[in-house]
Peer 1: 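Please read through the structure below; I'll follow up with questions.
Everything numeric here is computed off the predicted structure, so don't read it as measured data.
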Amino acid sequence: MKGIHSILLACFIASAFTCFFASAFDPSPLQDFCVAIDDPNNGVFVNGKFCKDPKLAVADDFFFSGLNKPGNTSNRVGSNVTTVNVGQIPGLNTLGISLVRIDYAPYGGQNPPHTHPRGTEILVVVQGTLYVGFVTSNPENRLITKILYPGDVFVFPIGLIHFQFNVGNTAAVAFAGLSSQNAGVITVANAVFGSNPPINPDVLTKAFQLDKNVVTHLQSLF
């Protein structure tokens, strides 16, 4: 009996940890859909967010228009990301998926090194030529890269730092799906050098092995 109790306890602990880790990702839907609403007083089901009464759901809760329009790439990094997540389509709530369109300016336009803390990304190029890649976690920090052409697909694993860079002389366009209704994004340079309030320059000077004047200059840019 003692052995059986030990096995049951081990199974319970394993199940508990499984539930704990699963909670870090989008919850599995418990109904056909769960259209997100901001006012909990009108909510019927709760699964990630308060949900509209399914009987009141309409087509526009599952609709977005505009991904055919090029984004404005006249900025420092030469790219524009048009996001379509639960913020734009309330019906995506609990479905664990979202979409973006990325426009890149001719040679040099880039989606700078960043990470999605809550989702894996699968990207397809529809126009132009992109140099893409991601870096594996410590201690290897191995760079995995590829040149992509129209019709090519590349996957960026969840949480890993990745980037896309337009190496062609014409504008480039890509679409990407993400395994979260809101995968989040942390752009490395913005987070490190543009935090609010700023990180103590002494920390960054030692972390990046840079002159302190370089660090303060970078902080002024972001």
Peer 1: Only distances under 3.5 Å count here; give the side-chain donor-acceptor pairs of residues 214-222 to other protein atoms, sequence neighbours excluded, each with its distance to 0.1 Å.
Peer 2:
from, atom 1, to, atom 2, distance (Å)
T216, OG1, K212, O, 3.2
T216, OG1, N213, O, 3.0
Q219, NE2, I199, O, 2.9
S220, OG, H217, O, 2.5

Peer 1: Indicate the atoms forming the closest heavy-atom contact of L130 with A172, along with that distance.
Peer 2: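 Looking at all heavy atoms of both residues, the shortest contact is CD2-CB, 3.9 Å.
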Peer 1: Can you sort out the partners of F156 under ring-ring contact (aromatic ring centres under 6.0 Å, His included), two or more places apart, ordered by chain and number?
Peer 2: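 Partners of F156 under the ring-ring contact (aromatic ring centres under 6.0 Å, His included) test: F154, H162.
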Peer 1: For the atom pair CD1 (I102) and CD (E121), what is the distance rounded to the nearest 0.5 Å?
Peer 2: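 Going from the CD1 atom of I102 to the CD atom of E121 covers 5.5 Å.
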Peer 1: Please name the pair of heavy atoms, one in S79 and one in N75, separated by the smallest distance, quoted to 0.1 Å.
Peer 2: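 Here S79 and N75 meet closest at O-ND2, 2.7 Å.
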Peer 1: Considering non-hydrogen atoms only, spot the tightest contact between P106 and A171 and give its length.
Peer 2: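 Where P106 meets A171 most closely, the heavy atoms are CG-N, 3.8 Å.
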Peer 1: Could you check I97 against L92 for side chain to side chain contact (heavy atoms under 4.5 Å, CB included), going step by step and ending with a plain yes or no?
Peer 2: CA-CA 7 Å; I97 193 169; L92 281 176; 3.8 Å; yes
Peer 1: Please collect all salt bridge (charged side-chain N to carboxylate O under 4.0 Å, His left out) contacts where either partner lies in residues 154-172, sequence neighbours excluded, each pair once.
Peer 2: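 Qualifying pairs: none.
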Peer 1: Answer with yes or no whether the hydrophobic clustering places L160 together with I158; edges join I, L, V, M, F, W, Y residues whose side-chain heavy atoms lie under 4.5 Å apart.
Peer 2: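 In one cluster with L160: I158, no.
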Peer 1: With no hydrogens and no angle check, is any side-chain donor or acceptor of T129 less than 3.5 Å from a backbone partner on G168?
Peer 2: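 It does not hold such a pair.
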Peer 1: Considering only Ile, Leu, Val, Met, Phe, Trp and Tyr, and joining two whenever side-chain heavy atoms are under 4.5 Å apart, list the other residues clustered with I186.
Peer 2: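 Its cluster partners, ordered by chain and number, are none at all.
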Peer 1: Is there any ring-ring contact (aromatic ring centres under 6.0 Å, His included) pair reaching into residues 120-151, and which pairs are they, with sequence neighbours excluded?
Peer 2: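 ring-ring contact (aromatic ring centres under 6.0 Å, His included) check on residues 120-151 returns Y131-F163.
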Peer 1: Examine F175 and V132 and state if one hydrophobic cluster contains both, with Ile, Leu, Val, Met, Phe, Trp and Tyr joined whenever side-chain heavy atoms are less than 4.5 Å apart.
Peer 2: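 Cluster IDs for F175 and V132 differ.
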Peer 1: Mind checking who shares a hydrophobic cluster with V185, ILVMFWY linked at side-chain heavy-atom distances under 4.5 Å?
Peer 2: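 For V185, no cluster forms, as it stays isolated from other hydrophobic side chains.
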Peer 1: Same cluster for V167 and V125 if Ile/Leu/Val/Met/Phe/Trp/Tyr side chains link at under 4.5 Å?
Peer 2: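 In one cluster with V167: V125, no.
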Peer 1: In terms of hydrophobic clusters joined by side-chain contacts under 4.5 Å, are L99 and L178 together?
Peer 2: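 Per the 4.5 Å side-chain linkage, L99 and L178 are not co-clustered.
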Peer 1: Please report the shortest heavy-atom distance between P150 and G128, naming the atom on each side.
Peer 2: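 Heavy atoms of P150 and G128 come nearest at CD-O, 3.2 Å.
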Peer 1: Please report the shortest heavy-atom distance between N93 and C51, naming the atom on each side.
Peer 2: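 Scanning both residues completely, I find the closest heavy atoms to be ND2-SG, 3.8 Å.
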Peer 1: If you look only at pairs with a residue in residues 67-89, which of them pass as a ring-ring contact (aromatic ring centres under 6.0 Å, His included), with sequence neighbours excluded?
Peer 2: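 For residues 67-89: none.
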Peer 1: In this structure, which one of T187, V188, N190, V81 forms a side chain to side chain contact (heavy atoms under 4.5 Å, CB included) with H114?
Peer 2: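 Only one of T187, V188, N190, V81 forms a side chain to side chain contact (heavy atoms under 4.5 Å, CB included) with H114, namely T187.
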Peer 1: What's the verdict on side chain to side chain contact (heavy atoms under 4.5 Å, CB included) for I122 and V124, showing C-alpha distance, side-chain angles and the deciding distance?
Peer 2: CA-CA 7 Å; I122 182 167; V124 57; over 6 Å; no
Peer 1: Minimum heavy-atom separation for T82 to N80, with atom names?
Peer 2: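 T82 and N80 have their closest heavy atoms at OG1-OD1, 3.5 Å.
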Peer 1: What donor-acceptor contacts under 3.5 angstrom involve side-chain atoms of residues 63-73, with partners at least two apart or in another chain?
Peer 2:
from, atom 1, to, atom 2, distance (Å)
N72, OD1, S74, N, 2.9
N72, OD1, S74, OG, 3.2

Peer 1: Taking side-chain hydrogen bond (donor to acceptor under 3.5 Å, both in side chains) as the cut-off, I'd like each qualifying pair that reaches into residues 98-111, sequence neighbours left out, listed once.
Peer 2: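 Pairs touching residues 98-111 that pass the test: R101-D103, Y104-Q164, N111-Q164.
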Peer 1: Any side-chain hydrogen bond (donor to acceptor under 3.5 Å, both in side chains) pairs touching residues 137-148, not counting sequence neighbours?
Peer 2: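 Only N138-N141 qualify under side-chain hydrogen bond (donor to acceptor under 3.5 Å, both in side chains).
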Peer 1: Which residue pairs pass the salt bridge (charged side-chain N to carboxylate O under 4.0 Å, His left out) test when at least one of the two sits in residues 72-89, sequence neighbours left out?
Peer 2: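 Sorted pair list comes back empty.
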Peer 1: Can L148 be reached from I144 by stepping across I, L, V, M, F, W or Y side chains whose heavy atoms are under 4.5 Å apart?
Peer 2: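 Looking at the clustering, L148 is in the same group as I144.
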Peer 1: For F62, enumerate each residue passing the ring-ring contact (aromatic ring centres under 6.0 Å, His included) test, keeping only those at least two apart in sequence or located in another chain.
Peer 2: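 F62 satisfies ring-ring contact (aromatic ring centres under 6.0 Å, His included) with F33 once adjacent residues are dropped.
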